Protein chains: 2
Amino acid sequence: MGRWEPNARGRLAEAALKLYAEQGFERTTVTEIAEAAGLTERTFFRHFADKREVLFYGTEMTLDLLTRTIAEAPASASPMDAVGAALESFGAFFQEDPERVRRRDAVVSASTELRERELVKLDAFTSAMAGALRERGTPEPAAGLAAEAGMAAFKVAYAHWVAAEPGTAGRAGEQELPRLVRKALTELQELLADRASV
Amino acid sequence: MGRWEPNARGRLAEAALKLYAEQGFERTTVTEIAEAAGLTERTFFRHFADKREVLFYGTEMTLDLLTRTIAEAPASASPMDAVGAALESFGAFFQEDPERVRRRDAVVSASTELRERELVKLDAFTSAMAGALRERGTPEPAAGLAAEAGMAAFKVAYAHWVAAEPGTAGRAGEQELPRLVRKALTELQELLADRASV
DNA sequence: CCGATGATGACAGCCACTGACATCACATGT
DNA sequence: ACATGTGATGTCAGTGGCTGTCATCATCGG
């Protein structure tokens, strides 16, 4: 297949993450990344749509995970339950390699441009979840609301997890992301229950 | 002050919106916008940080509105009530000129790059609301959750409003955005109450 | 051993964006 | 009226992201 070493895409992604972490996203040129991977700038753009996308490699898989989890939820599950299950799976996926997730998060958080891209990805996930809910019969205002609110809870849980994880990395029973997601949803439920205006 | 006609910034923003609407964001060059406003490309970049920012002129005012509304909410109001009040004000702001909002929304929705920027702005609003809640004593998981969930409801209400507004534009008692925001929050409350998993 | 296929390299070019410097309109003080 | 300062604008050169085009090379099937 390839010309030289295999897995050009992976090498590019690896080199990009490393360089972005070392010297920042803006101060890194695509040419640098390509050379670090033993390739040329042109080849970089054949594998990734732009300079940011290289950090969002494998997004489609995640999107599949979310929609499948919702589709496979028991018919008795409420919309929020289905969304909750999907987002807990999402959290478990992150939990698999906390080290890398945190490295990547530091890079993304440091750059406005990268945060933009991340938000668009999360928005795509939200839309996909809403679509999956509609397919199992949830009517329209509810589907969108459940997906958006679920993602809102996930964002809070994720932020907490990323900020607190450093020392207590990995051991069970402590503060795994799926558990935090579930907790966030419950707290959100209570917050809304305390709402006075009807 | 200025050299020629006054309000260079406003002219640039107007020309940009028009050109983006007519021929699309990507097929419009900054030089075109500047010439349409009787200025040069360099001057455009003195007024706006980049090609997208020209559509997000006046964002700081909105941010102020949100934080002030939360700060001025009665001490008895729950976090979700304060957020709800802020987002209803936000909706009322949009309602002032529905025509322009819809024009702008069509342009933004048509471009991924512009949607990216919009999501970042909304995220900044969310963070600001969370900060305002913290300042009035709401502890941390709750502040972030209330802000994120409120914005989630707003997004759904806004999407509905933008999609449905065309015919029934402007008359009272029909489907104003603030009312839709309140409705969305109530529906979200019910959705979460239906959650089975505790 | 050869031709097809797909990935890569090599150029040329557009456009977003920036730094540096010159220039012009306007306000102010004398 | 005139000089002068201030801020906005114009001009120019340059970097870097990104794309189209074509040549080239590695590998696979025959």
Side-chain angles (χ1 to χ4, degrees), chain A residues 1-57 107-108 110-118 120-121, chain B residues 1-57 107-108 110-118 120-121:
Chain A
M1 285 194 192
R3 186 122 95 179
W4 268 16
E5 306 298 321
N7 195 24
R9 203 183 304 259
R11 270 154 47 214
L12 286 167
E14 202 62 42
L17 177 58
K18 183 181 173 189
L19 288 171
Y20 291 169
E22 285 175 2
Q23 52 189 10
F25 174 77
E26 300 194 359
R27 282 189 304 278
T28 303
T29 70
V30 174
T31 302
E32 279 181 289
I33 300 170
E35 284 177 354
L39 297 167
T40 61
E41 183 197 25
R42 191 65 185 88
T43 299
F44 176 96
F45 286 111
R46 285 200 181 92
H47 286 283
F48 301 101
D50 56 54
K51 192 185 167 186
R52 308 176 211 169
E53 197 65 21
V54 65
L55 282 188
F56 299 85
Y57 182 27
V107 172
V108 172
S111 157
T112 302
E113 292 187 55
L114 289 172
R115 292 201 329 104
E116 282 189 340
R117 181 58 52 87
E118 176 128 300
V120 170
K121 297 295 185 184
Chain B
M1 283 194 190
R3 187 121 98 179
W4 266 16
E5 306 297 322
N7 195 24
R9 204 183 303 257
R11 272 154 48 214
L12 285 167
E14 203 61 43
L17 177 57
K18 184 182 172 189
L19 288 171
Y20 291 169
E22 284 175 1
Q23 53 190 9
F25 173 78
E26 300 193 0
R27 281 189 306 278
T28 303
T29 70
V30 174
T31 303
E32 279 181 290
I33 300 170
E35 286 178 352
L39 297 167
T40 60
E41 182 198 25
R42 191 66 184 88
T43 299
F44 176 96
F45 286 111
R46 286 201 181 92
H47 285 284
F48 301 101
D50 57 54
K51 192 184 168 187
R52 310 175 210 171
E53 197 65 19
V54 65
L55 283 188
F56 298 86
Y57 182 27
V107 171
V108 172
S111 157
T112 302
E113 291 186 56
L114 290 172
R115 293 202 329 103
E116 282 188 341
R117 182 58 51 88
E118 176 127 299
V120 170
K121 296 294 185 186

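Worth saying up front: this structure is predicted, and the values here are computed from it rather than measured. Per chain, numbering begins at 1; letters A, B, ... match sequence-line order.
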Tell me the interatomic distance from A:Phe45, atom CZ, to C:dG9, atom C1', rounded to whole angstroms.
15 Å
With a 4.0 Å cutoff (strictly under), does any side-chain N or O of A:Thr43 reach OP1 or OP2 of C:dG9?
yes
Please state how far atom CD in B:Glu35 lies from atom P in C:dA16, giving the value in whole angstrom units.
12 Å
Would you say that A:Leu39 contacts A:Arg11 through its side chain, given a criterion of any heavy-atom pair below 4.5 Å between the two side chains?
yes
Rounded to whole Å, how long is the line connecting atom CD of A:Glu113 with atom C1' of D:dG17?
10 Å
Taking the side chain as every heavy atom from C-beta outward, state whether A:Leu12 and A:Tyr57 have any pair of such atoms under 4.5 Å apart.
no
Per B:Ala8 side chain, nearest of listed nucleotides C:dG9, D:dT9, C:dA16:
D:dT9
For C:dA7, does OP1 or OP2 lie under 4.0 Å from any side-chain N or O of A:His47?
no
Can you tell me the distance, in whole Å, between the CD atom of B:Glu32 and the P atom of C:dC14?
15 Å
Whole-Å distance separating the CD atom of B:Glu41 from the P atom of D:dG10
12 Å
Whole angstrom is fine here: how far is it from CZ in A:Arg52 over to C1' in D:dC18?
12 Å
Whole angstrom value for the distance that separates C1' of C:dA16 from CG of B:Leu114
14 Å
Separation of atom CD in B:Glu26 from atom P in D:dG17, rounded to whole Å
18 Å
What do you reckon, is CD of A:Gln23 surrounded by more than 12 foreign heavy atoms closer than 6.0 Å?
yes
Is B:Thr40 near enough to D:dT9 that one of its side-chain N or O atoms lies under 4.0 angstrom from OP1 or OP2?
no
Toward the 5' end of DNA chain D, which comes first, A:Arg42 or A:Phe25, by nearest nucleotide?
A:Phe25
At less than 3.5 Å, do the side-chain atoms of B:Arg46 and the base atoms of D:dG7 form a donor-acceptor pair?
no
Between B:Glu53 and B:Lys121 (salt bridge meaning N to carboxylate O under 4.0 Å), is one present in this structure?
yes
Please determine if A:Glu116 and A:Arg52 form a salt bridge, counting it only when a charged side-chain N lies under 4.0 Å from a carboxylate O.
yes
